[in-house]
2 protein chains.
Amino acid sequence: MTTDAPQHPVDRGQPGDTLATVADRLQAPLVEVLETQRAVRRLLPDDVDDAIVLRCIELALRAPTGSNGQNWEFVVVRDAEVKAKLAHRYAQAWRLYGAAGERMTAGDESMRKVLAAVAWQVEHFTELPVLVVACLRSTGSSGRVPYVPLPHIANTSYFGSIYPSVQNLLLAARALGLGASLITLPLWSVTSARSILGLPLSVTPCAVVPLGWPRGRYGPTTRRPVGEVVHLDRWGTQPWR
Amino acid sequence: MTTDAPQHPVDRGQPGDTLATVADRLQAPLVEVLETQRAVRRLLPDDVDDAIVLRCIELALRAPTGSNGQNWEFVVVRDAEVKAKLAHRYAQAWRLYGAAGERMTAGDESMRKVLAAVAWQVEHFTELPVLVVACLRSTGSSGRVPYVPLPHIANTSYFGSIYPSVQNLLLAARALGLGASLITLPLWSVTSARSILGLPLSVTPCAVVPLGWPRGRYGPTTRRPVGEVVHLDRWGTQPWR
């Protein structure tokens, strides 16, 4: 089964775009958005309208949550001081992580490009126009607690209640012509992240999505062929390999 | 910013649909797929072609992974015996979880409907045509390990490498006209799930997505208004409430 969708037909947005133009892009075919999604880390400092950011989050809220808990909260960061504090934590983690990454991926050209893009993002973090921090409440203010009785289930169900919405956010951003990426390093110290964002102990920051108009082009991504990652009934039976 | 997309324009599929018809549905506008996604647990026992299942997984693979590790593996379960073993574990967990759920959501009509649909799914689990089990390798066969130095980051990055792809799978299934849902209870015992699926210790099953042609209609979902879950710069500042 194939689709004839062209490779990169979804438009790239830019600062002057009107809200109507941007909104219309959400009509892009699903398959084209899925197939052209990629991390875009180098962003212009130009503003992104609140309406655009809120529309992305509104679509993020259509995703499923465990026990339909809807226990998500999103902090939209525009304040320079808050950005600077998160940037400081990101840079701390990057000093460890980036160096390890460079050692472990030596000679891998595609990973070298990823690391260079992340390094750019770390350095320019305070200039990114909007950061969206996706969080989970551990108990619902509605009293509708996502109750989970067993440890592995608890863990996977917990994060399974935020990352589908984060993916919706990324897909909406892609369709709207924004650059976006999914990062976690600025949150390496949960205590510090809570303090920076004023979060109560019952709210855990899980991921950060910087949003802005892209500097460069959306390049293609490469993936392992589907037959390599699919097993039939039991591990190791790979009829589509 | 609003869009004029109608509420439920994306078609519901059925067993007789040709592959071409089904494939064409991936051209559905992103916004309509996002806005009409919902868990559909009551499925027909009729077969779903391998090509359709593989196309869903192929689109799942477009999602991001931590450090671009692409350390996902998907087990497509069609075998009656494997389904029966997973059904047994699902029923065990449901006896605890369902009873707790009924106590905790007494008087909540929408949750009563969710619990009834899950109860149906537990009872008919072996009749569902396809189960997709989304798994993560903890070390990459390619040697490209998603290396993560710090505990909270490790945990959120780990699940952040599988749930975006699971959400893509759910969105593709929605567009294609399939019924799908995101569940974790059949995996409550990781040891047992590994044994049932023949997974090595380095592979962890994270979520199950049953796929099939829907029995009922896709109803609407309800969500909290976006202004209620969005904070500006710091927790509690809610200008869009």
Side-chain angles (χ1 to χ4, degrees), chain A residues 1 3 19 23 26-31 33-35 37 51 54-55 57-59 61-62 64 68 70 72-77 79 82 96-97 100 114 147 149-150 152-153 156-157 159-160 163-164 167-168 175 182 184 188 190 197-199 206-207 223-224 226 229-235, chain B residues 1 3 19 23 26-31 33-35 37 51 54-55 57-59 61-62 64 68 70 72-77 79 82 96-97 100 114 147 149-150 152-153 156-157 159-160 163-164 167-168 175 182 184 188 190 197-199 206-207 223-224 226 229-235:
Chain A
M1 188 166 71
T3 5
L19 287 182
L26 291 173
Q27 301 294 328
L30 173 72
V31 65
V33 180
L34 293 177
E35 288 185 341
Q37 183 192 3
L54 290 175
R55 184 68 176 128
I57 299 175
E58 191 173 48
L59 292 171
L61 302 185
R62 307 312 300 191
N68 195 26
Q70 301 184 37
W72 40 38
E73 302 281 345
F74 298 84
V75 184
V76 173
V77 177
D79 182 75
V82 176
L96 272 177
Y97 182 91
V114 171
Y147 42 94
L150 303 150
H152 174 62
I153 296 295
T156 186
S157 301
F159 289 106
Y163 278 108
Q167 175 65 359
N168 273 14
L182 167 53
T184 55
W188 71 267
V190 188
L197 299 168
L199 303 176
C206 296
R223 290 292 188 268
R224 295 165 61 195
V226 66
V229 301
V230 177
H231 308 251
L232 178 61
D233 294 320
R234 284 181 69 85
W235 180 265
Chain B
M1 190 165 69
T3 5
L19 286 183
L26 291 173
Q27 301 294 328
L30 172 72
V31 65
V33 179
L34 293 177
E35 288 185 340
Q37 183 192 5
L54 290 175
R55 184 69 176 124
I57 299 175
E58 191 172 49
L59 291 170
L61 302 186
R62 306 312 301 192
N68 195 26
Q70 300 185 36
W72 38 37
E73 303 281 343
F74 297 85
V75 184
V76 172
V77 176
D79 182 74
V82 176
L96 272 176
Y97 183 92
V114 171
Y147 43 95
L150 303 150
H152 175 61
I153 296 296
T156 186
S157 302
F159 290 105
Y163 279 108
Q167 176 65 0
N168 273 14
L182 168 53
T184 55
W188 69 267
V190 188
L197 300 167
L199 303 176
C206 297
R223 291 293 187 268
R224 295 164 63 196
V226 65
V229 301
V230 177
H231 308 251
L232 179 61
D233 294 320
R234 283 181 69 85
W235 180 266

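Sequence lines set the chain letters: A, B, ... in the order given, protein chains first and strands last, and positions in each chain run from 1. Keep in mind that what you see is a predicted model, and the values were worked out from it rather than measured.
Looking only at side-chain heavy atoms (C-beta outward), B/L197 and A/R234 stay at 4.5 Å or farther from each other. With contacts defined as side-chain heavy-atom distances shorter than 4.5 Å, the pair A/Q27/B/V31 qualifies.
Put simply, CG on A/L34 and CG on B/L30 are 7.5 Å apart, with the number rounded to the nearest 0.5 Å. Atom CD of A/E58 is separated from atom CD of B/E35 by 7.0 Å, given to the nearest 0.5 angstrom.
Within the 4.5 angstrom heavy-atom criterion, only side-chain atoms of B/V33, from C-beta onward, approach chain A. No part of B/V114 comes within reach of chain A, as not one of its non-hydrogen atoms sits under 4.5 angstrom from that chain.
Proximity of a side-chain donor or acceptor of B/D233 to a complementary backbone N or O of A/D79 within less than 3.5 Å is detected.
Interface summary for chain A: among B/V77, B/L182, B/L199, B/V230, the most heavy-atom pairs under 4.5 angstrom belong to B/V230.
When all heavy atoms of B/T184 and A/T156 are compared, the pair lying nearest together is CG2-CG2, 3.9 Å. Among all heavy-atom pairs drawn from B/N168 and A/Q167, the shortest one is OD1-NE2, 2.7 Å. When all heavy atoms of A/Y163 and B/P164 are compared, the pair lying nearest together is CB-CD, 4.0 Å. Between A/Q37 and B/P64, the shortest heavy-atom contact is NE2-CD, 3.6 Å. The shortest heavy-atom contact between A/R223 and B/N68 is NH1-OD1, 4.0 Å.
Taking the six-membered ring wherever Trp is involved, the centroid distance between the rings of A/F159 and B/F159 falls below 6.0 Å.
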